[in-house]
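Notes follow the structure.
Side chains included, hydrogens not; waters and symmetry mates left out as well; all remaining heavy atoms used. The first residue of the sequence shown is numbered 1, and numbering continues consecutively from there.
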Amino acid sequence: MNLLELGTKVKELRKEKGITQEALAKQVKISRATLSKLENGNIAQVSIVTLSAILNRLGYELDIKPSNPFSL
């Protein structure tokens with residue numbers, strides 16, 4: 001999953017939960033502008049701590065999986 005796909009998924013999950021950007025940003029202690037950039041794929045980097053906080057608030061968590069299970 002690339003950053004644009006990740007941002008799109010965060011936006012989708014946030015909207016499903018009925019949470020505004022402003023409310024989610026305040027809850028995870030980032031600016032609304034930063035969240036907006038993440039959701040639109042316009043941010044080059046986001047910390048794991050911040051991403052984890054966003055996903056936890058939305059009821060999800062980070063997971064690690066092989067990028068290509070056939071290459072092993």
Check: Of the non-hydrogen atoms in Ser36 and Gln21, which two are nearest, and what is the gap between them?
Finding: CA-NE2, 3.5 Å
Notebook entry, point to check: Can you list every salt bridge (Lys or Arg N to Asp or Glu O under 4.0 Å) pair that touches residues 39-55, not counting sequence neighbours?
Noted result: Arg14-Glu39
Check: What residues, two or more places apart in sequence or in another chain, satisfy side chain to side chain contact (heavy atoms under 4.5 Å, CB included) together with Lys17?
Finding: Ile19, Leu58
Next item on the list: Determine the minimum heavy-atom distance between Leu38 and Ile43, stating which atoms define it.
Entry: CA-CG2, 3.5 Å
Checklist line | Leu62 with Leu24, same ILVMFWY side-chain cluster at under 4.5 Å | finding: yes
Notebook entry, point to check: If you round to the nearest 0.5 Å, how far is CD of Glu22 from NZ of Lys26?
Noted result: 5.0 Å
Item checked: More than 12 heavy atoms from other groups under 6.0 Å of CD on Gln45 -> no
Next item on the list: Applying side chain to side chain contact (heavy atoms under 4.5 Å, CB included), name anything that partners Thr50, two or more places apart in sequence or on another chain.
Entry: Ile30, Val46, Ser47, Ile54
Notebook entry, point to check: Among pairs that include at least one residue of residues 50-64, which meet salt bridge (Lys or Arg N to Asp or Glu O under 4.0 Å), considering only residues two or more places apart or in two chains?
Noted result: none
Next item on the list: Verify side chain to side chain contact (heavy atoms under 4.5 Å, CB included) between Asn40 and Lys11, making sure each step is shown before the conclusion.
Entry: CA-CA 8 Å; Asn40 292 302; Lys11 185 176 188 175; 3.9 Å; yes
Next item on the list: Under the side chain to side chain donor-acceptor pair (under 3.5 Å) rule, collect the residues that match up with Thr8, sequence neighbours excluded.
Entry: none
Check: Under a 4.5 Å side-chain heavy-atom rule over Ile, Leu, Val, Met, Phe, Trp and Tyr, are Tyr60 and Leu4 clustered together?
Finding: no
Note to self: Is the shortest side-chain heavy-atom distance between Val10 and Leu55 below 4.5 Å?
What the structure shows: yes
Notebook entry, point to check: Under the salt bridge (charged side-chain N to carboxylate O under 4.0 Å, His left out) test, which residues partner Lys15, sequence neighbours left out?
Noted result: none
